[in-house]
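These notes concern the structure reproduced below.
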Amino acid sequence: MEKISFVVPCYNEVETIPLFYQEMERINYSMKKVQFEYIFVDDGSKDKSLEEIRKLSIKDRNVKYISFSRNFGKEAAMYAGLENSTGDYVTIIDVDLQDPSFLIPEMYHNIKDDGYDCVGIRRVSRKGEPVIRSFFSRMFYQIINKMSKTEMISGARDFRLMTRQMVDSILQMKEYNRYSKGLFSFVGFKTKWLEYENIERVAGSTKFNFWKLFIYAIDGISAFSTGPLIFSAVLGILFCLVSFLAILFIIIRTLCFGDPVSGWPSMICIMFFLSGIHLFCMGIVGVYLSKMYMEIKDRPIYITKETNIKR
Ligand code: UDP
Ligand code: MG
């Protein structure tokens with residue numbers, strides 16, 4: 001019998017865990033020839049999520065869990081889940097039932113019979129999402145796809161079904177700054193995209209506010225492109241050229257018309273502008289430096305406090 005592993009990151013999801021399990025068991029019932037394995041990753045929840053997961057694991061021996069010592073973020077949770085999965089196929093799925101789980105049989109069929117290595121899901125509409133968030137999200141995909149050679153699919157969710165081979169390739173990348181959307185795309189393999197309309201979560205609330213998403217966007221760009229560094233270098237050259245022309249202009253003007261002392265306010269403006277550009281470019285270098293710093297420290301991606309997985 002073939003096995004599908006479900007990697008389920010959970011952070012303060014006490015309301016949604018039982019609903020999720022119920023729904024998945026319903027799907028498993030309709031797919032008789034496949035065994036489901038669940039790997040719940042409790043990402044340092046502060047509510048009773050872990051107790052809820054423990055209850056399930058007592059009832060069903062296919063429920064495995066890893067509980068982190070603190071909140072390490074969804075990326076770390078996904079990594080931990082993938083690392084501990086044993087299925088022939090692996091799915092990453094949100095516990096809030098926001099991912100269209102009813103597509104799982106179709107996704108399995110696409111991989112098994114149509115020869116795909118991965119089936120991903122992308123939402124075609126962003127209904128129910130704040131307008132500003134959608135706007136910035138679209139802009140982000142435009143920017144990152146211009147800068148990076150790795151293609152990032154707009155609207156793609158982390159929800160996807162992958163073969164063991166693809167999962168093993170993803171696990172080979174042990175980087176600390178993980179940006180999964182890029183990693184999935186980086187490893188290649190044949191991916192089919194299914195489309196669906198946005199669904200709202202069944203209970204609880206989102207853990208990603210605007211600021212967190214903004215930081216995540218910067219993580220994505222710095223992890224998959226060195227474009228900003230080149231951009232700052234080009235900006236530097238451009239300003240050198242402009243200042244060279246300005247110097248010529250001032251020399252010629254002084255020779256022709258003498259040198260009346262004026263232009264201090266404009267001088268101050270230029271100074272402010274240029275130091276702004278300076279700090280901006282230094283900031284770009286700083287972002288890459290900080291990422292490098294974190295990679296070099298080689299800290300663990302997550303720390304387990306409790307698990308029922310025996311190695
Ligand atoms: N999540 C997590 N760690 C975090 C934040 C979120 O494991 O630090 C999980 C969360 O429990 C959920 C999934 O990641 O299963 C997606 O989170 P959420 O629904 O809040 O994001 P959204 O769907 O709003 O983008
Ligand atoms: Mg959600």
Side-chain angles (χ1 to χ4, degrees), residues 5-24 38-53 56 63-85 90-101 103 120-123 125-138 140-141 152-160 176-181 184 196-217 219-220 301-307:
S5 300
F6 289 89
V7 171
V8 197
C10 305
Y11 179 49
N12 296 341
E13 299 281 6
V14 66
E15 298 126 306
T16 53
I17 290 167
L19 298 173
F20 169 81
Y21 179 73
Q22 230 173 39
E23 171 67 14
M24 295 305 288
Y38 304 94
I39 298 154
F40 285 95
V41 185
D42 166 37
D43 186 9
S45 298
K46 292 180 182 69
D47 63 0
K48 296 200 179 318
S49 296
L50 179 60
E51 281 163 41
E52 206 61 51
I53 299 169
L56 291 179
V63 173
K64 316 260 168 68
Y65 66 86
I66 304 161
S67 178
F68 288 177
S69 58
R70 64 167 170 86
N71 179 246
F72 278 85
K74 190 183 176 190
E75 287 291 341
M78 290 195 286
Y79 179 77
L82 292 180
E83 211 180 24
N84 288 283
S85 66
V90 182
T91 302
I92 295 171
I93 187 166
D94 285 1
V95 71
D96 57 6
L97 292 176
Q98 233 179 347
D99 291 326
S101 47
L103 287 173
I121 303 292
R122 52 184 296 232
R123 31 182 192 176
S125 82
R126 290 179 169 271
K127 240 183 356 214
E129 200 184 56
V131 184
I132 306 188
R133 192 164 149 174
S134 300
F135 170 74
F136 277 103
S137 169
R138 264 191 223 108
F140 165 71
Y141 282 107
M152 310 284 167
I153 307 286
S154 171
R157 293 191 64 88
D158 293 322
F159 177 45
R160 55 181 65 226
Y176 183 82
N177 296 291
R178 302 188 74 76
Y179 184 72
S180 284
K181 281 189 177 67
F184 292 142
Y196 84 111
E197 294 273 331
N198 199 19
I199 310 170
E200 307 227 359
R201 58 155 59 227
V202 277
S205 60
T206 177
K207 273 88 202 168
F208 288 93
N209 56 26
F210 188 81
W211 180 244
K212 248 180 148 178
L213 284 174
F214 179 70
I215 298 289
Y216 190 54
D219 284 348
I301 296 169
Y302 64 91
I303 294 169
T304 308
K305 182 169 176 217
E306 183 186 326
T307 176

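We count residues from 1, following the sequence as given. Whatever order the structure lists them in is the order used to number ligands and atoms, beginning at 1. Being a predicted model, the structure only gives us computed values, none of them experimental.
Protein N/O/S atoms nearer than 2.8 Å to the Mg ion (ligand 2) total 2.
Listed by chain and number, the residues in a salt bridge (Lys or Arg N to Asp or Glu O under 4.0 Å) with D43 amount to none (sequence neighbours excluded). Listed by chain and residue number, E37 satisfy the salt bridge (Lys or Arg N to Asp or Glu O under 4.0 Å) test with K64 (two or more places apart in sequence, or in another chain).
A cation-pi arrangement is absent between R138 and F136, since the terminal nitrogen or guanidinium carbon is not both under 6.0 Å from the aromatic centre and inside a 45° cone about the axis.
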>> Using the rule given for side-chain hydrogen bond (donor to acceptor under 3.5 Å, both in side chains), can you reason through D99 versus S101, listing the C-alpha separation, both sets of side-chain angles and the distance that settles it, and then say yes or no?
In response: CA-CA 6 Å; D99 291 326; S101 47; over 6 Å; no
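With a 4.5 Å cut-off on side-chain heavy atoms, Y65 and L50 count as touching. Between F140 and M152, the closest side-chain pair of non-hydrogen atoms is not below 4.5 Å.
Under a cut-off of 6.0 angstrom, the local environment of CZ in F210 is crowded, with over 12 non-hydrogen atoms contributed by other residues, nucleotides or ligands.
Using cut-offs of 30° and 60° on the angle between ring planes, the pair F40 and Y38 is parallel.
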N or O contacts of ligand 1 with protein under 3.5 Å, please list pair by pair.
unit_1   : atom_1 : unit_2 : atom_2 : d
ligand 1 : 3 (N)  : D43    : OD2    : 2.6
ligand 1 : 8 (O)  : D43    : OD2    : 3.3
ligand 1 : 8 (O)  : N71    : ND2    : 3.2
ligand 1 : 11 (O) : P9     : O      : 3.4
ligand 1 : 11 (O) : Y11    : N      : 2.9
ligand 1 : 11 (O) : E13    : OE2    : 2.6
ligand 1 : 15 (O) : P9     : O      : 2.8
ligand 1 : 15 (O) : V95    : N      : 3.3
ligand 1 : 19 (O) : D96    : OD2    : 2.7
ligand 1 : 19 (O) : R201   : NH2    : 2.6
ligand 1 : 20 (O) : R201   : NH2    : 3.2
ligand 1 : 20 (O) : T206   : OG1    : 3.4
ligand 1 : 20 (O) : K207   : N      : 2.6
ligand 1 : 23 (O) : Q98    : OE1    : 2.6
ligand 1 : 24 (O) : T206   : OG1    : 2.5

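Ion pairing between K74 and D94 holds under the 4.0 Å rule for side-chain N and carboxylate O.
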